[in-house]
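Any value given below was found using the heavy atoms of this structure, including those in side chains, with hydrogens, waters and symmetry copies removed. Ligands are counted one by one from 1 in listed order, and the atoms in each one are counted from 1 as well. Because the structure is predicted, anything quoted here is derived from the model rather than measured.
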Amino acid sequence: MRKLIDPYGRQITYLRIAVTKRCNLRCVYCFPTGAEISDKADLLSGEEIINIATKAVACGITKIRFTGGEPLLRKDIISLITRTAAIKGIQEVALTTNGIFLADYAKELKKAGLKRVNVSLDSLRPEIYEHITKKHCLNDVLHGIKTASQEGLEVKLNFVVLEGVNDMEQRDFIDFCKRNGYKMQFIKKMDFSRGKESSGNGDGSLFHRPPDCRLCNKIRLTSDGLLLPCLFSKETVNIRDYKDEDRAIARVVSLKPKNGCTAVRKRSMIHIGG
Ligand code: SAM
């Protein structure tokens with residue numbers, strides 16, 4: 001079995017693939033104000049995604065997460081998950097979604113081979129949820145989460161803590177997850193203009209993410225084919241510039257910085273894929 005080792009000795013086993021830039025929410029911390037986001041002609045095709053995923057697994061990747069934008073907006077998402085779960089050597093296929101369409105898709109996702117789903121849920125209060133996401137759809141998301149759990153998917157909820165907006169809900173959120181058997185993680189809001197997490201929001205002792213850079217095992221692929229060594233890195237490797245994807249993957253691993261905050265890229269999460 002091949003291994004991908006970066007210049008700091010970290011083994012890279014995890015690839016996050018953004019399958020679209022489009023999203024049906026407009027979260028204040030994610031979506032740039034006034035932006036028009038579309039996939040245009042440079043969107044990776046299903047074949048390209050499966051080809052890269054297959055090569056990545058052959059190189060030593062064992063876990064692939066589909067994200068976006070909103071991955072459930074992509075028409076071929078079930079086929080992508082089915083085909084990725086069937087790649088020889090893959091150990092885990094995961095999905096991060098805002099949950100709006102999760103109730104519709106949960107059964108098919110489970111059948112496709114998905115075991116776990118992460119759902120973004122930044123408030124349990126309708127007015128705060130709407131303030132953050134600009135959409136009145138908390139009930140759809142809660143219904144989606146419940147349906148996914150009933151279908152046998154392991155559910156983890158992502159809560160981005162925003163000072164003075166939802167930080168007062170942290171304890172309620174922990175109780176909600178305990179009551180319903182969901183895993184959860186509190187995420188520090190990242191400031192992409194400064195290449196680090198924002199300070200001063202919420203109870204610091206409760207944060208799960210960002211993780212320690214010393215333990216980083218990840219690379220990312222944007223929906224238009226750019227491999228990124230780190231969320232914050234200025235470096236990119238365009239998969240379409242390489243005839244042989246193995247070399248593109250090896251190149252991006254060689255570019256991994258020791259610490260994400262040393263290189264600042266001015267891009268929001270919607271462009272990168274969360
Ligand atoms: N649409 C899907 C969703 O809502 O989960 C997947 C994409 S979203 C960009 C993936 C994750 O990125 C979400 O959990 C979201 O909360 C997180 N995210 C986006 N912008 C962020 C920021 N500025 N700081 C921290 N997390 C962020």
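Backbone and side-chain nitrogen or oxygen atoms of Tyr29 are examined, and one is located within less than 3.5 angstrom of a nitrogen or oxygen of ligand 1. Residue-to-ligand polar distances place Glu70 within reach of ligand 1: an N/O pair is separated by less than 3.5 Å. Remark: ligand 1 and Cys23 share no N or O pair separated by less than 3.5 Å (distance only, no angle test).
Nearest to atom 16 (O) of ligand 1 by heavy atom, out of Val160, Val117, Leu231, is Val160. The heavy atom nearest to atom 1 (N) of ligand 1, out of those in Gly69, Gly68, Ser120, is found in Gly69.
The aromatic rings of Phe186 and Phe159 sit perpendicular to each other, their planes meeting at more than 60°, with 30° as the lower class boundary.
Of all the heavy atoms of Asn158, the ones lying under 4.0 Å from any atom of ligand 1 belong exclusively to the side chain. When non-hydrogen atoms are compared, ligand 1 lies under 4.0 Å from neither the backbone nor the side chain of Asp122. Residue Thr96 touches ligand 1 through backbone and side chain together, judged by heavy-atom distances below 4.0 Å.
Asn217 and Gln11 are not linked by any side-chain donor-acceptor pair at a separation below 3.5 angstrom, with hydrogens and angles left out of the test.
Under a cutoff of 6.0 Å and an axis angle of 45°, Arg26 and Phe31 form a cation-pi pair.
More than 12 heavy-atom neighbours from other residues, nucleotides or ligands sit within 6.0 angstrom of NZ on Lys134. Atom NZ of Lys146 has 12 or fewer heavy atoms from other residues, nucleotides or ligands within 6.0 Å.
Short contacts between ligand 1 and Lys189, defined as distances under 4.0 Å to a heavy atom of the residue, involve ligand atoms 24 (N), 25 (C).
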I would like to know whether Ile52 and Leu221 meet side chain to side chain contact (heavy atoms under 4.5 Å, CB included); could you show each step before the answer? CA-CA 9 Å; Ile52 296 161; Leu221 177 67; 3.8 Å; yes
